[in-house]
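Here's the structure we're looking at; comments come further down.
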Amino acid sequence: MASSGEKRAVTVKHVAAEAGVSIKTVSRVLNNEPNISEKTRAKVVAAMADLKFQPNPAARRLASKRSDLLMLVYDNPSDNYLINIQHGALDACKQNFYSLLLHPCDYRAPDVAADIVRSARLHACAGLLLTPPLSDLRVLIDLLDQGDMPYVRLAPSTPSIKGLEVGTDDRCAARDMTRYLLGLGHRHIGFVAGHPDHGAVGERLHGYRDALSESGLAFDERLVEQGLHSFESGLACGQRLLDLPERPSAIFAATDDMAAGVLYAAHARGLRVPGDLSVVGYDDTPLSGQTWPRLTTLRQPIRAMAYAAVEQLAAREPQARVRTLGYEIVVRDSAGAPGLLAHT
């Protein structure tokens, strides 16, 4: 028997009494089940906060026969992108009483799909979060569609039979950024394409081409370089674009990391940015506010995408199988009207 000086553990029964609802209702809120009014859910959450109630994940797993562990699967060369994904997923896991397991892998390995599914089952995961390029790895998607493991794909470029999806309209976003440069007066715009294995990023090249076409400008393949998402690839692509006999007056890189590489290439040649060359990126990672000059970029809600992905897995009945989030151009210091020296 507990002594009078010991603090009594707060249980679901206490939360139910404090909120004025049934124990079953509290359990449904904890399990994030549908068909509960926002008013009732708010009362239960407030009661848990007032009583400092701490859910017991192990007990919940036993009672509901559900795991509270989600697995984030990734292979991406951009640390800035991954940090945002992890923060967004962790924030959502905290709100939904889940834990997050990080699973780095090599998407080119011949047995990567089987390894991911095997690891998820070994840890009794409740679901998988797949980031690019794994979100478009057909052998993995087909394997998951044949089983019963819930999964959500971030920024996929192809549909799946069963999986959930979260992304943005990369093609429209890149079109709008190219329109922005055209609006500044640029007509000779270089483009650094993203990693060829990242399907959704490939849509950014299509958006660039769309904007040129609607402005009556011919597409010039000499103005497009193939990057690999990394700073180093952006540097190499920037050097090649700036070596052209008629170099571009602006360069649009499909990621911020590559845009930073282009900036380095420009500075190494003594070019003024944006006086001699305008440079813009995509993603609005923390790096974009740390370069010199600070990057004008396209804000893709990376954290919000990861947060939404966890919410979809946590919900018993997601409101939509596919969620598309918005984007915006963030104007900083790296783009302006074409300079007099732009083509010399």
Any sub-3.5 Å donor-acceptor pair from [X]'s side-chain atoms to [Y]'s backbone N or O?
X    : Y    : result
H188 : E246 : yes
N96  : Y98  : no
Y208 : I189 : yes
D169 : C172 : yes
H14  : V10  : no
R321 : G163 : yes
S215 : A211 : yes
T178 : A174 : yes

Classify the side-chain pair [X]/[Y] by whether it contains a donor and acceptor separated by less than 3.5 Å.
X    : Y    : answer
S288 : T285 : no
D256 : N80  : no
D283 : T255 : no
S249 : H186 : yes
S157 : D136 : yes

Report yes if some heavy atom in the side chain of [X] is under 4.5 Å from a heavy atom in the side chain of [Y]; otherwise report no.
X    : Y    : result
V280 : I251 : no
L101 : L72  : no
L143 : Q146 : yes
R175 : R179 : yes
P286 : N84  : yes
L242 : L277 : yes
L287 : D257 : yes
M177 : T296 : yes

Rounded distance [0.5 Å steps], [atom1] in [X] versus [atom2] in [Y]:
X    : Y    : atom1 : atom2 : answer
K43  : M48  : NZ    : CE    : 13.5 Å
L241 : E225 : CG    : CD    : 5.0 Å
L102 : M71  : CG    : CE    : 10.5 Å
M305 : L129 : CE    : CG    : 11.0 Å
Y74  : L134 : OH    : CG    : 11.0 Å
H103 : D75  : NE2   : CG    : 10.5 Å

Answer yes when [X] and [Y] have at least one side-chain N-carboxylate O distance shorter than 4.0 Å, and no when they do not.
X    : Y    : value
D145 : K162 : no
R204 : D210 : no
D243 : R240 : no

So, for [X] and [Y], which heavy atoms are closest and what is the spacing to 0.1 Å?
X    : Y    : result
D170 : Q300 : OD2-OE1, 4.1 Å
C105 : V112 : SG-CG2, 4.0 Å
P132 : A155 : CG-CB, 3.9 Å
D276 : G270 : OD2-O, 4.4 Å
L70  : C93  : CD1-SG, 4.1 Å
A89  : L100 : CB-CD2, 3.8 Å

Let's go through V166 and V152 carefully: what are the C-alpha distance in whole Å and the side-chain angles of both, what is the deciding distance for side-chain contact (heavy atoms from CB on, under 4.5 Å) to 0.1 Å, and is it a yes or a no? CA-CA 7 Å; V166 178; V152 59; 4.1 Å; yes
Do the side chains of [X] and [Y] join up, straight or via other hydrophobic residues, at under 4.5 Å, putting them in one cluster?
X    : Y    : value
L223 : F219 : yes
F231 : L228 : no
Y264 : L295 : no
I302 : Y307 : no
L82  : V310 : yes

Worked verdict on V201 versus Y282 for side-chain contact (heavy atoms from CB on, under 4.5 Å): CA-CA 10 Å; V201 175; Y282 195 114; over 6 Å; no
Before giving the answer on side-chain contact (heavy atoms from CB on, under 4.5 Å), spell out for L298 and V330 the whole-Å C-alpha distance, their side-chain angles and the decisive distance to 0.1 Å. CA-CA 6 Å; L298 207 146; V330 180; over 6 Å; no
Mind telling me whether Y107 and H195 have parallel, tilted or perpendicular rings, with 30° and 60° as the class edges? perpendicular
For the residue pair H267 and W292, does the interplanar ring angle fall in the parallel (under 30°), tilted (30 to 60°) or perpendicular (over 60°) class? parallel
Does NZ or CZ of R299 fall inside the cone over Y327's six-membered ring, less than 6.0 Å from its centre and within 45° of the axis? no
So Y151 and I141, side-chain contact (heavy atoms from CB on, under 4.5 Å) or not? Walk me through it. CA-CA 9 Å; Y151 67 94; I141 305 308; 3.6 Å; yes
Do other residues, nucleotides or ligands put more than 12 heavy atoms under 6.0 Å from the [atom1] atom of [X]?
X    : atom1 : result
K94  : NZ    : no
R332 : CZ    : yes
R222 : CZ    : no

